[in-house]
Amino acid sequence: MSIFVEEDGNTVRISDNGISLMRLSYTFDVDTDNKKKQLSAIITAQNADNRNGDLILTVPRSEIYSGVMRYAQMVSQVCNLDILSRETVSDLFYDDLERAIAEHFSKYKFKKDYINPKYKDLPIDYAFLDFDTPAYLFGAKDTNKANQITICCLSMLRFDVSFKSIAVFNEIDSLNRFARDNLMNVANTVFSNVQGFLERGPDYFKNDLGAA
């Protein structure tokens, strides 16, 4: 962590000469509006400024110690923006999936958080019930959810329930391999992420589910 302190009359200018954002750029691109907002929020929270890549915090001389501590906290968050961004994306997964279904699959009637009356212990994220064979769609955010989906599908198969299962992963490579492979072996079709579902889902609904 590089921090430079410069006195300017009754104030102190704390900066990093652009080093923090330069280091971040080696592994992470701030190339979307969401990432830019996250970066801006981190800087603004400490009342600092981003001046052409140089992060600058100006404080009274009497607050130099607390100013340097605040600046160090900000730099740490900036340098770990890639981790914070992945966590934010993960947290928004179910919202993104719900939005994708509502906006692009609204012509198909579906029920969210569906419970089959005969098997009340097997929750289903989304049930598309207008097909000859119902389609049950699940969102697999993480390893734990993937395991739950696998158990749910296997249980319904054991109960001789007629259905087709669709699994949409958050990021398929982020899951435990054992859980990921088990789910892929059980589900009728899988999509590696929400974007893949948006791109290939309509064809699947039309060709495999017999949708109009």
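Quantities reported herein were computed from a predicted structural model and do not represent experimental measurements.
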I'd like to know if the side chain of [X] reaches the main chain of [Y], judged simply by a donor and an acceptor atom lying under 3.5 Å from each other, with no hydrogens or angles considered.
{"X": "Asn193", "Y": "Gly196", "value": "yes"}
{"X": "Ser76", "Y": "Ala72", "value": "no"}
{"X": "Thr44", "Y": "Ser40", "value": "yes"}
{"X": "Asp16", "Y": "Ser2", "value": "no"}
{"X": "Asn170", "Y": "Ala140", "value": "no"}

Do [X] and [Y] touch side chain to side chain, with heavy atoms closer than 4.5 Å?
{"X": "Leu57", "Y": "Asp49", "result": "no"}
{"X": "Phe191", "Y": "Phe169", "result": "no"}
{"X": "Gln46", "Y": "Tyr71", "result": "no"}
{"X": "Asp130", "Y": "Phe110", "result": "no"}
{"X": "Leu55", "Y": "Val78", "result": "yes"}
{"X": "Cys152", "Y": "Phe138", "result": "yes"}
{"X": "Tyr126", "Y": "Glu98", "result": "yes"}
{"X": "Phe93", "Y": "Lys145", "result": "no"}

Hydrophobic cluster membership, with links at side-chain heavy-atom distances under 4.5 Å among I/L/V/M/F/W/Y: are [X] and [Y] in one?
{"X": "Ile56", "Y": "Val75", "answer": "no"}
{"X": "Tyr108", "Y": "Phe197", "answer": "yes"}
{"X": "Leu183", "Y": "Phe178", "answer": "no"}
{"X": "Ile43", "Y": "Val5", "answer": "yes"}
{"X": "Leu157", "Y": "Met184", "answer": "yes"}

For [X] and [Y], which heavy atoms make the closest approach, and how far apart are they?
{"X": "Thr143", "Y": "Ala179", "result": "CG2-CB, 3.6 Å"}
{"X": "Phe105", "Y": "Gly201", "result": "CE2-C, 3.9 Å"}
{"X": "Ala100", "Y": "Val194", "result": "CB-CG1, 4.0 Å"}
{"X": "Ile115", "Y": "Pro123", "result": "CD1-CA, 3.7 Å"}
{"X": "Ser162", "Y": "Pro134", "result": "O-CD, 3.5 Å"}

Please report the interatomic distance [atom1]([X]) to [atom2]([Y]), rounded to the nearest 0.5 Å.
{"X": "Arg23", "Y": "Ser25", "atom1": "CZ", "atom2": "OG", "value": "11.0 Å"}
{"X": "Asn144", "Y": "Asp142", "atom1": "CG", "atom2": "CG", "value": "5.5 Å"}
{"X": "Arg13", "Y": "Ile64", "atom1": "CZ", "atom2": "CD1", "value": "13.5 Å"}
{"X": "Gln148", "Y": "Cys153", "atom1": "CD", "atom2": "SG", "value": "12.0 Å"}
{"X": "Asn182", "Y": "Asn176", "atom1": "CG", "atom2": "CG", "value": "9.0 Å"}
{"X": "Arg200", "Y": "Gln195", "atom1": "CZ", "atom2": "CD", "value": "11.0 Å"}

Test side chain to side chain contact (heavy atoms under 4.5 Å, CB included) applied to Met156 and Ile124, step by step: CA-CA 11 Å; Met156 286 190 290; Ile124 298 162; 4.2 Å; yes
Criterion side chain to side chain contact (heavy atoms under 4.5 Å, CB included) on Val12 and Glu6, from CA distance to verdict: CA-CA 6 Å; Val12 173; Glu6 180 182 356; over 6 Å; no
Pair Asn188, Ser165: side-chain N/O donor-acceptor within cut-off below 3.5 Å: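 Asn188 vs Ser165: donor-acceptor pair found between side chains.
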Aromatic plane relationship, Phe128 with Phe205 - under 30° parallel, 30 to 60° tilted, over 60° perpendicular: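 Taking Phe128 first and then Phe205, their aromatic rings stand perpendicular (interplane angle over 60°).
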Whether over 12 other heavy atoms sit under 6.0 Å from Asn185 CG: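 Above 12, so yes.
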Lys141 and Asp125 ion-paired at < 4.0 Å: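 Answer for the salt bridge query: no.
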Arg99 and Asp96 ion-paired at < 4.0 Å: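 Salt bridge: yes.
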Candidate pair Met74 and Ile42, rule side chain to side chain contact (heavy atoms under 4.5 Å, CB included), full reasoning: CA-CA 6 Å; Met74 177 186 68; Ile42 292 171; 4.0 Å; yes
CA sep, side-chain torsions, deciding dist, call: Leu39, Leu21, side chain to side chain contact (heavy atoms under 4.5 Å, CB included): CA-CA 10 Å; Leu39 176 61; Leu21 289 181; 4.0 Å; yes
